[in-house]
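Written below as structure tokens is the structure these notes are about.
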Amino acid sequence: MKLLTVFSIAFLSCLAHAERPNIILIYADDLGYGDLGVYGQQDIETPELDRMAEEGARFTDFYAPAPVCAPSRASLLTGLHTGNGPVRGNFLEGLDETDTTFAHTLRDAGYRTVGIGKWGLGEARSTGAPLQQGFNQWFGYLGHLHAHNYYPAWLYENDRLWLVRENLARYERRMLYSHDLFAERALQWVDEQMESDVPAFLFLSLTIPHADTVGSAIGLEGMPVPDDAPYTDRDWPQTQKNHAAMITRMDADIGRLLDRLVETNQAENTLVFFTSDNGPHAEGGADPAFFNSGGGLQGIKRDLYEGGIRMPAIAWWPGMISPGTLIEEPFAQWDLAATFAELARTELTTPTDGVSLLPALIGEDSAGRPQEQHEYLYWEFNEASFQQAVRMGAWKGVRRGFGKALELYHLDDDPAETTDLADEFPEIVQELENILVTARTPHDRALIPTPADRPLLGTLFNLILDRIGLP
């Protein structure tokens, strides 16, 4: 881990004519690598995100920190991979007063920090609540289970209940789709920022296309959407029509957001970054194979294979990012903390596992330095018998449970991880094994103890999880 302490003089000089840029981070929920047209999707229409990639930069090897929600979000916000971060599984939900997010960094640098959508790292007035973790304002869900209901009776405005009166009568009376509220609030943020002299950060944390586990538990549609257009007449199962319509609805709203930035002359002073928290799910009746949501990669949500953690990632910043930029080096969401700190012309005050992506985004000449690369990327998932993975160059090691052999893949030749090369390259296996031990630090805040931290208790607990089929 390291501190971000060096800033590019050339980059700062190229921004000298402008104020520090606004930043928008759009975070989808359970969107697969292959769910967008620009990543090879053939059936689901995503013209706005495809346009965003054409006008900006697209990453080919960009990773989520974990194959499920909470640890990905904690890692994203703290800049620490899941071997060093405070949340390493969905069973541990919450940041505490010792944690520092990049929202703290931006707020301390004078940014107005606003969050809209799904949080999942602390309930109202807890140490993990958004207002305690660097945000000036919050609107949306706080807990995971609550967020898996697209027609809630209430949301949170900051740390207080905000009633959704249209949905209050009973759950079956589904009137107001929460995603639509989030989309309108995002447009409102753009309009407010047009009148502001203060730089701002927006975390637009959408719930699409996560399953509605609340509805499906009581026999309702598990992938609900107000309208299944433009797929109404397709010869598909209704759940798959809805799944596709959810993604296309999100795409259209992102297009409206980009258009509003252009209309209000804020586009050239705003970086918009889009990605997802983990791979595609098989919940609520959804079938990730139906649309090839993994883009041909092995694994889905809860797997540390590529399909569970390799994410679509698109950056858009007219006038700064050259249209059609393709970034093929491996990077991860824990790099965004360092990136946003540099944009804000400030320093991270706590260690980070990330590197700033500014040279890759705007070009090394404009940044005045080469893009720093990772020696390796590391993942752990403290559920399902403690999974680990590491990527070093094109080599990828995956351990699917405590005590299991390390699988070895060469991603340049085999991105779908179909051929285990561990027996052919024992020296590479040993090098990756060493990283699995040294890359992480023990932690004592997990509700599920890991074998790496508490050997006997952790092993017994994870054996029980395997037996009952969790998570």
Side-chain angles (χ1 to χ4, degrees), residues 27-32 63-78 80-96 99 101 117-123 126-130 133 140-149 205-214 216-217 222 275-284 286 288 299-305 307-309 311 333-334 379-389 400-402 440 443-453 458 461-471:
Y27 210 45
D29 198 343
D30 293 3
L31 184 80
Y63 290 93
V68 293
C69 175
S72 275
R73 290 161 194 270
S75 177
L76 165 80
L77 288 162
T78 62
L80 299 171
H81 64 56
T82 44
N84 292 319
V87 180
R88 306 190 188 189
N90 260 352
F91 284 94
L92 173 63
E93 182 180 320
L95 298 172
D96 72 19
D99 298 315
T101 71
K118 174 179 172 179
W119 179 245
L121 294 170
E123 295 290 350
S126 73
T127 59
Q133 293 296 331
Y141 303 99
L142 293 181
H144 284 297
L145 292 178
H146 187 209
H148 302 164
N149 173 3
S205 180
L206 303 174
T207 51
I208 285 177
H210 197 288
D212 187 328
T213 54
V214 174
S216 60
T275 188
S276 176
D277 64 349
N278 53 250
H281 65 80
E283 300 161 2
I300 59 173
K301 181 178 181 178
R302 297 185 177 85
D303 291 322
L304 286 181
Y305 292 121
I309 55 176
M311 295 293 100
Q333 290 173 12
W334 57 84
W379 298 266
E380 67 180 56
F381 179 38
N382 288 189
E383 298 163 18
S385 291
F386 185 58
Q387 299 179 47
Q388 286 180 291
R400 300 198 65 205
F402 183 65
R440 69 184 305 275
H443 74 132
D444 58 5
R445 288 163 52 189
L447 298 181
I448 295 181
T450 70
D453 295 335
F461 203 101
N462 282 304
L463 285 173
I464 293 170
L465 285 181
D466 281 351
R467 178 68 62 181
I468 64 177
L470 290 175

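What you see is a predicted model; the values in this text were computed from it and never measured.
- Residues G32 and P280 share a closest heavy-atom pair of CA-CD, 3.6 Å.
- The nearest pair of heavy atoms linking H144 to A70 is NE2-CB, 3.3 Å.
- Looking at T275, its side chain never comes within 3.5 Å of a backbone N or O of A64 through a donor-acceptor pair.
- Side-chain contact annotation: T82 with R440, donor-acceptor N/O pair under 3.5 Å absent.
- Taken from SG in C69 to OH in Y27, the straight-line distance is 7.5 Å, to the nearest 0.5 Å.
- Across every non-hydrogen atom of W119 and G128, the tightest pair is NE1-O, 2.7 Å.
- Taking the six-membered ring for Trp, Y63 and W379 have ring centres closer than 6.0 Å.
- The closest side-chain heavy-atom distance from D30 to K301 is below 4.5 Å.
- E380 pairs in a side-chain hydrogen bond (donor to acceptor under 3.5 Å, both in side chains) with only one of the listed residues (Q387, H81, Q388, R88), which is R88.
- Here CG of L80 is found 11.0 Å from OG1 of T101. Values are rounded to the nearest 0.5 Å.
- If you take CG on L77 and CH2 on W334, they are separated by 14.0 Å, rounding to the nearest 0.5 Å.
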Decide yes or no on salt bridge (Lys or Arg N to Asp or Glu O under 4.0 Å) for E383 and R302, but give the supporting numbers first. CA-CA 9 Å; E383 298 163 18; R302 297 185 177 85; 5.7 Å; no

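- A donor-acceptor pair shorter than 3.5 Å can be found between the side chains of H148 and H210.
- Side chain of S72 to main chain of N278: no donor-acceptor pair is present (N/O by atom type, distance under 3.5 Å, no hydrogens or angles).
- Checking side-chain atoms of D303 against main-chain N and O of Y305 turns up no donor-acceptor pair under 3.5 Å.
- Atom CG of D212 sits about 9.0 Å away from atom OG1 of T207, to the nearest 0.5 Å.
- Residues L31 and P209 are in side-chain contact: their nearest non-hydrogen atoms beyond the backbone lie under 4.5 Å apart.
- Atom CD1 in I309 sits 13.0 Å away from atom CG in D277 (nearest 0.5 Å).
- Panel note: side chain S205, backbone K118; a donor-acceptor pair is recorded below 3.5 Å.
- Distance check, rounded to the nearest 0.5 Å: CG of N382 to CG of N90 gives 11.5 Å.
- Side-chain contact between Q133 and L121 is absent, with no heavy atoms from C-beta onward closer than 4.5 Å.
- For the pair L206/D29, no side-chain contact is recorded, criterion being any heavy-atom separation below 4.5 Å from C-beta on.
- Of all non-hydrogen atoms in A286 and H281, the two that sit nearest each other are CB-CE1, 3.5 Å.
- Closest approach of L142 and G122 over heavy atoms only: CB-O, 3.8 Å.
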